[in-house]
Amino acid sequence: MAKDNTSPNPAKWTGMVPVEDTALAVTDTGGSGVPVVYLNGQFATQGYWRRTIAELGAGWRHITYDERARGRSRGSADYSFEAAVRDVDAVLAARGVDRALLVGWSYGAVVAAHWADRNPDRTVGATLVDGAFPYDWLDEAMEQRIRKLFRRLGWVMPLLRPTGLAPRMTAEEQANSNIELGRLSREHELGPVLDGITVPVRYVVASGTSFGSRGDEQERIRTSVEAVTARNPNIHSVKVAGNHGAILRKDFPAIAEAVREVAAFDRS
């Protein structure tokens with residue numbers, strides 16, 4: 001396993017990290033292992049990673065956090081993708097971490113890919129869990145479908161917020177975030193990001209449908225990873241049986257193994 005180049009044995013810590021107009025709820029297990037930063041799905045919370053963390057065990061330094069207005073983190077006036085990327089920097093700085101291995105699921109996978117491309121000297125590598133597929137899935141019809149979906153769910157979101165199962169964002173803010181992700185995922189946008197990555201990357205690709213998808217459209221989106229791995233020798237992929245929503249719950253051993261493979265390539 002690669003070695004952490006930060007302080008020799010930081011203590012376990014849980015607290016709030018101030019960032020711009022908000023504060024993020026962060027958990028850092030401490031220890032002397034490789035720092036692994038977990039980037040959540042678009043409206044998920046850090047608790048989703050507990051099985052992967054348990055599978056990897058105490059030999060790693062696990063850092064999780066809730067994105068803006070998710071979980072225990074506070075709300076913000078900025079829910080943009082660039083804010084999500086900046087939040088990675090803020091969390092690492094607050095925890096005194098210079099280099100980290102990123103693990104991102106869904107939306108978090110796109111954040112991880114962009115951060116790894118922009119910060120190769122600070123990135124051990126990345127594991128992208130059923131996300132960061134360069135595919136033109138967003139058109140005008142899909143945009144309207146997304147807005148309709150979140151408007152329809154708008155009534156139930158306030159009921160779920162106290163449980164932590166829904167973000168403290170309006171239906172419009174959630175729809176805008178999803179639409180922005182669609183624009184960022186277009187082949188001409190995300191493809192060059194993935195082509196530029198110079199650190200080891202492992203995709204863990206789910207099977208079947210995901211929330212809001214129809215028919216085989218999700219599987220068609222996933223086929224785009226084949227061109228990515230063909231163009232960039234630093235990137236490899238593995239297919240698992242779980243669907244998008246169940247992958248962290250059912251396929252955590254494969255995710256943990258992908259993390260180990262990425263770390264094994266670190267020669268710093």
Side-chain angles (χ1 to χ4, degrees), residues 2 4-6 34-42 63 65 67 78-93 97-138 177-206 218 220-239 244 254-255 257-268:
D4 177 14
N5 65 342
T6 59
V34 177
V36 183
V37 178
Y38 298 84
L39 306 177
N40 307 330
Q42 196 162 26
I63 301 173
Y65 66 97
E67 277 286 0
D78 188 356
Y79 299 116
S80 67
F81 179 81
E82 286 301 319
V85 176
R86 293 195 302 272
D87 288 346
V88 179
D89 290 303
V91 170
L92 291 179
V97 174
D98 296 324
R99 293 181 74 245
L101 193 158
L102 306 182
V103 185
W105 169 48
S106 192
Y107 183 89
V110 185
V111 176
H114 272 261
W115 202 89
D117 177 51
R118 300 178 194 186
N119 301 279
D121 294 337
R122 301 176 61 199
T123 310
V124 174
T127 297
L128 311 179
V129 183
D130 208 42
F133 302 121
Y135 192 90
D136 294 3
W137 55 264
L138 183 73
S177 178
N178 202 254
I179 290 164
E180 182 187 33
L181 176 63
R183 292 170 180 156
L184 289 165
S185 297
R186 288 171 173 157
E187 201 284 329
H188 76 276
E189 293 282 350
L190 186 54
V193 173
L194 296 165
D195 291 348
I197 291 177
T198 58
V199 298
V201 171
R202 294 291 180 272
Y203 275 92
V204 181
V205 182
Q218 195 66 35
R220 285 188 279 110
I221 290 170
R222 292 179 180 122
T223 62
S224 64
V225 77
E226 297 169 8
V228 173
T229 57
R231 294 195 303 263
N232 190 334
N234 297 305
I235 304 177
H236 299 274
S237 70
V238 62
K239 183 84 167 172
H244 184 78
I255 298 169
E257 182 57 28
V259 172
R260 295 186 191 103
E261 289 180 7
V262 167
F265 280 90
D266 187 35
R267 298 179 176 87
S268 63

Open item on the list: Are Leu138 and Ser185 packed together at the side-chain level, in the sense that at least one heavy-atom pair is separated by less than 4.5 angstrom?
Closed with: no

Task: Ion pair check, Arg260 and Glu257, cut-off under 4.0 Å - done: yes

Task: Contact summary for Val193 and Ala113, nearest pair of heavy atoms - done: CG1-O, 3.8 Å

Open item on the list: Less than 4.5 Å apart, side chain to side chain, heavy atoms only: is that true for Glu261 and Pro200?
Closed with: no

Open item on the list: Evaluate Gln42 against Val110 for side-chain contact (heavy atoms from CB on, under 4.5 Å), listing each step before the verdict.
Closed with: CA-CA 10 Å; Gln42 196 162 26; Val110 185; over 6 Å; no

Task: Non-hydrogen side-chain atoms of Val238 and Arg202 separated by less than 4.5 Å - done: no

Open item on the list: Rounded at 0.5 Å granularity, tell me how far CD1 in Ile197 sits from CD1 in Ile235.
Closed with: 5.0 Å

- [ ] Check whether any side-chain heavy atom of Trp115 sits under 4.5 Å from a side-chain heavy atom of Asp89, and report yes or no.
- [x] yes

- [ ] Would you check if Asn234 and Phe265 make a side-chain contact, meaning some heavy-atom pair closer than 4.5 Å?
- [x] no

TODO: List the steps, then state whether side-chain contact (heavy atoms from CB on, under 4.5 Å) holds for Asn178 with Tyr107.
DONE: CA-CA 9 Å; Asn178 202 254; Tyr107 183 89; over 6 Å; no

Task: Derivation and outcome, side-chain contact (heavy atoms from CB on, under 4.5 Å), residues Arg222 and Tyr203 - done: CA-CA 10 Å; Arg222 292 179 180 122; Tyr203 275 92; over 6 Å; no

- [ ] Flag the pair Asp130 / Val204 as yes when at least one side-chain heavy-atom distance between them is below 4.5 Å, and no otherwise.
- [x] no

Task: Contact summary for Val199 and Ala116, nearest pair of heavy atoms - done: CG2-CB, 4.2 Å

TODO: Have a look at Pro35 and tell me which of Leu102, Val124, Val97, Leu92 forms a side chain to side chain contact (heavy atoms under 4.5 Å, CB included) with it.
DONE: Val97

Open item on the list: Which heavy atom of Asp87 sits nearest to which heavy atom of Tyr65, and what is that distance?
Closed with: C-OH, 4.1 Å

TODO: Walk me through it: do Arg118 and Val85 pass the test side-chain contact (heavy atoms from CB on, under 4.5 Å)?
DONE: CA-CA 10 Å; Arg118 300 178 194 186; Val85 176; 3.7 Å; yes

TODO: Find out whether Val88 and Leu39 are in side-chain contact, i.e. whether some heavy atom of one side chain is under 4.5 Å from a heavy atom of the other.
DONE: yes

Task: Least distance between heavy atoms, Phe81 atom then Leu184 atom - done: CG-CD1, 3.3 Å

Task: Non-hydrogen side-chain atoms of Glu187 and Ser224 separated by less than 4.5 Å - done: no

Task: Distance, nearest 0.5 Å, that separates OH of Tyr135 from CZ of Arg220 - done: 4.5 Å

